[in-house]
Protein chains: 2
Amino acid sequence: MNIRELARRSGVSTATVSRALNDRAEVSEATRARIRQLASELGYAPNEPARTLVRRRSDTIGLIWDSGQEAQGLHNPFLLGLLSAVRTALSEADYHLMLLTAPGPDDPDAAHLQAVRRHNLEGVIVLTTPPDDRCLRVLAASAVPCAGIDTAFTGPRTVRVSSDNAAGAEAAVEHLYALGHRRIATITGPLHLPPAAERLAGYQRACARLGLPVPPSYVTEGDFFLDSGVAAGRRLLAVAERPTAIFAAGDQMAVGAMHAAADAGLSVPRDLAVVGFDDIDAAALVRPALSTVAQDQRGLGEAAVAALRGLIDAAPVDTAEPRIIPTRLLIRGSSRPGA
Amino acid sequence: MNIRELARRSGVSTATVSRALNDRAEVSEATRARIRQLASELGYAPNEPARTLVRRRSDTIGLIWDSGQEAQGLHNPFLLGLLSAVRTALSEADYHLMLLTAPGPDDPDAAHLQAVRRHNLEGVIVLTTPPDDRCLRVLAASAVPCAGIDTAFTGPRTVRVSSDNAAGAEAAVEHLYALGHRRIATITGPLHLPPAAERLAGYQRACARLGLPVPPSYVTEGDFFLDSGVAAGRRLLAVAERPTAIFAAGDQMAVGAMHAAADAGLSVPRDLAVVGFDDIDAAALVRPALSTVAQDQRGLGEAAVAALRGLIDAAPVDTAEPRIIPTRLLIRGSSRPGA
DNA sequence: CGGCCGATCGGAAACGTTTACGGCACTAGG
DNA sequence: CCTAGTGCCGTAAACGTTTCCGATCGGCCG
């Protein structure tokens with residue numbers, strides 16, 4: 001069932017069928033309707049590879065997900081929401097989505113570029129965090145349109161999309177301040193990761209603005225995982241001027257801090273208030289439920305797609321400044337006195 | 001940079017280049033090496049759409065993820081591991097992966113079939129659970145090779161892959177029995193879902209084998225989410241002959257049961273042992289950590305890919321019997337007296 | 001009435017591969 | 001020396017589209 005067969009049955013040429021199905025103007029309304037009707041009756045589906053070949057564009061974008069095998073980001077449920085948002089936004093823009101495979105060990109950097117060329121991909125969305133976004137370097141150098149979420153790399157045709165980590169952290173601190181807390185400590189992520197550094201900066205800025213003291217012992221580093229949060233919580237609770245609230249740059253670490261508090265015989269939120277970041281599934285499951293700064297996954301995905309489309313259509317887009325998506329503070333039991 | 005250009009520079013015909021790059025036998029080792037070398041120097045990547053067009057196979061399989069928009073299964077972190085496993089297995093088999101978009105509201109059923117035809121997809125992997133796997137019906141009717149994980153639909157060229165839900169449930173009950181528990185209740189999922197029904201069957205079989213009584217009040221239904229687990233836990237704890245252990249068919253419900261126990265002033269695992277199913281991220285975060293039956297996501301993904309490849313290569317595969325993948329019991333604090 | 005223009009369509013050439021078929025050179029066997 | 005066979009390679013025809021370039025046919029204007 002190809003276009004030739006459809007043309008034969010419609011009594012027109014393949015050129016006319018193509019024009020009819022692609023909504024070109026040079027076809028009378030009558031024949032267009034007739035062809036359309038017949039096509040849907042016969043279940044005709046145009047052959048995309050053939051279209052791609054002659055049009056030299058595939059209407060397909062690639063998605064790079066994790067560069068290494070079994071990267072830790074993989075288990076981040078945050079990724080799933082992002083993936084869903086990206087897919088939805090892309091399908092609304094009539095783009096197809098191809099999941100790029102992790103590069104083999106032989107040619108790790110060029111692999112993605114090869115894939116882009118092989119499939120005529122028009123752009124790439126990158127969901128890996130630094131330093132795994134190195135693969136972006138080769139793509140950017142080849143002027144492939146790229147949109148990265150929480151990536152660090154920049155290039156002539158790459159845009160970056162990111163949550164407003166600083167503002168989110170500020171909102172968390174302000175919330176704790178409004179509850180009456182004056183001794184607010186923080187657990188950071190690995191500070192070489194931009195989101196971790198930005199969240200710390202937001203914490204510091206809010207404290208400065210509110211006139212809160214931030215002794216060095218109030219800032220301690222974790223690795224975003226549970227155990228580091230427990231350890232960091234223990235360190236913070238051992239400080240002489242014990243903090244009454246903790247802002248953790250990640251939910252798992254926040255839960256860890258709650259564990260540390262429980263181990264020390266402290267009650268959350270009475271003796272210690274805790275606010276996390278990311279709104280992972282578990283945040284709503286623990287007791288008390290964890291207050292947290294939620295990222296707008298849908299917003300991030302849509303912004304990435306919108307920026308990528310601009311890049312593809314050669315619209316004038318600003319590739320220097322990252323797109324910043326607002327966050328939302330979810331107040332739950334871990335910072336609600338009444339709970 | 002096409003094959004013609006590469007042929008010109010190598011001083012051979014395009015046919016020879018094609019044969020050299022595709023490892024065909026009719027090329028001398030010397031010219032093959034020369035062409036290979038030149039190709040990698042020039043960064044030549046064969047045009048897949050053109051290959052697909054002439055070879056009439058795309059080396060690409062489609063992935064259907066959720067048929068409806070924002071289906072609940074989407075937030076299941078289980079899906080992410082599955083997706084990763086599928087992708088890895090496929091890339092090892094030199095297949096490309098295309099994420100199929102959710103069908104529009106106009107033609108929900110035929111959409112996926114259209115996509116398969118358009119892109120020349122050789123097979124489809126379905127990650128949606130019933131009743132959302134209705135889209136499989138059309139695909140199966142068209143003899144498209146399909147592999148579904150936890151799907152219910154069956155067809156001439158569709159294989160089903162599933163965890164050994166019954167055995168997993170049995171193992172959980174046996175574990176509780178070995179700890180000395182004799183009054184073991186269960187919280188089921190919606191029983192129209194095969195996994196929920198199978199887990200209940202496993203529970204019942206184990207109880208029967210071990211000679212444990214199962215009064216009707218010991219079996220109560222939830223919807224796999226947290227709140228239903230809390231409610232179910234309350235119901236079970238109000239039973240006259242109060243159970244000392246609960247097997248929940250899902251982790252969120254298990255956590256809910258733990259909340260209900262805490263509300264009733266009971267200590268887990270001293271007064272009540274709890275075992276869940278699925279090993280969601282939160283299972284390791286709650287306190288006490290939740291014992292659970294973990295599904296082998298990698299095994300499921302690899303089995304689905306292997307079965308699909310058999311289907312594609314027209315190997316004789318048994319489409320009647322589902323592939324059953326073993327589960328693994330993770331014993332954590334919620335059922336460990338020492339904890 | 002002649003020429004021009006717009007609307008509608010068909011013919012045919014691309015797009016970048018793979019592969020059937022045939023050709024050439026060389027070797028082996030008679 | 002002739003023939004068959006083998007190893008290597010080139011020619012050209014496909015694959016299913018889109019689109020450039022004309023062609024035809026009215027209608028309209030001068």
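Numbered from 1 within each chain, the chains take letters A, B, ... in sequence-line order.
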Phosphate contact (dG16(C) OP1 or OP2) by Arg56(A) side-chain N/O below 4.0 Å: yes

Bending between helix ends of the helix from dC1(C)-dG30(D) to dG30(C)-dC1(D) [5 pairs per end, 10° resolution]: 50°

Cationic N near anionic O, under 4.0 Å, Asp164(A) to Arg323(A): no

Side-chain N,O (Tyr44(A)) to OP1/OP2 (dT17(D)) below 4.0 Å: yes

Between dT17(C) (P) and Asn120(B) (CG): distance, integer Å: 17 Å

From OG (Ser58(B)) to NE2 (His119(A)), nearest 0.5 Å: 9.5 Å

Test item: Ser10(A) side-chain N/O and Leu6(A) main-chain N/O as donor-acceptor pair under 3.5 Å: yes

List the atom pairs, donor and acceptor, that lie under 3.5 Å between side-chain atoms in residues 13-21 of chain A and the rest of the protein, sequence neighbours left out.
{"residue": "Ser13(A)", "atom": "OG", "partner": "Ala15(A)", "partner atom": "N", "Å": "3.3"}
{"residue": "Ser13(A)", "atom": "OG", "partner": "Thr16(A)", "partner atom": "N", "Å": "3.3"}
{"residue": "Ser13(A)", "atom": "OG", "partner": "Thr16(A)", "partner atom": "OG1", "Å": "3.3"}

Toward the 5' end of DNA chain C, by each residue's nearest nucleotide, Arg19(B) or Ala45(B): Ala45(B)

Side chain Ser84(A), main chain Leu80(A), donor-acceptor under 3.5 Å: no

What side-chain donor-acceptor pairs closer than 3.5 Å can you find for residues 302-317 of chain A, not counting sequence neighbours?
none

Interface with DNA chain C, restricted to residues 3-16 of chain A and to heavy atoms under 4.0 Å: Gly11(A), Val12(A), Ser13(A), Ala15(A), Thr16(A)

Length of the CG-P vector between Leu53(B) and dC15(D), whole Å: 9 Å

Heavy-atom neighbours of Arg24(A) CZ exceed 12 at 6.0 Å: no

CG-OG1 distance between Asp59(B) and Thr52(B), expressed to the nearest 0.5 angstrom: 7.0 Å

Touch class at under 4.0 angstrom, heavy-atom based, for Pro49(B) against every strand present: nothing

From CZ (Arg87(B)) to CD (Glu92(B)), nearest 0.5 Å: 10.5 Å

Table of protein N/O atoms under 3.5 Å from nucleotides 22-25 of chain D N/O atoms:
none

Separation of Ile149(B) CD1 from Gln297(B) CD (nearest 0.5 Å): 10.0 Å

dC9(C) OP1/OP2 closer than 4.0 Å to side-chain N/O of Thr31(A): yes

Options dT17(C), dC21(C), dG16(D), nucleotide nearest the side-chain atoms of Ala50(B): dT17(C)

Nucleotide dG16(D), atom C1' - distance to CZ of Arg117(B) in whole Å: 16 Å

Atom pair distance, as rounded to whole Å: CG in Asn2(B) and P in dG16(C): 5 Å

Arg34(B) CZ to dC8(D) P, straight-line distance once rounded to whole Å: 14 Å

Side chain to side chain contact (heavy atoms under 4.5 Å, CB included) between Leu63(A) and Leu100(A), intermediate numbers included: CA-CA 6 Å; Leu63(A) 180 65; Leu100(A) 263 36; over 6 Å; no

dG16(C) OP1/OP2 closer than 4.0 Å to side-chain N/O of Asn47(B): no

Distance in angstrom units between Glu48(B) CD and dT17(D) C1', rounded: 18 Å

Close residues, residues 20-30 of chain A, relative to DNA chain C [heavy-atom separation under 4.0 Å]: Glu26(A), Val27(A), Ser28(A)

Minimum side-chain heavy-atom gap Thr60(A)-Asn120(A) below 4.5 Å: no

Whole-Å distance separating the CZ atom of Arg118(B) from the P atom of dT17(D): 11 Å

Distance in Å, Trp65(B) CH2 paired with Leu99(B) CG, rounded so as to fall on 0.5 Å steps: 6.0 Å

Asn2(B) CG to Tyr44(B) OH distance, which is reported to the nearest 0.5 Å: 7.5 Å

Ionic contact status for Asp150(A) with Arg160(A), cut-off 4.0 Å: no

dT18(C) OP1/OP2 closer than 4.0 Å to side-chain N/O of Arg55(B): no

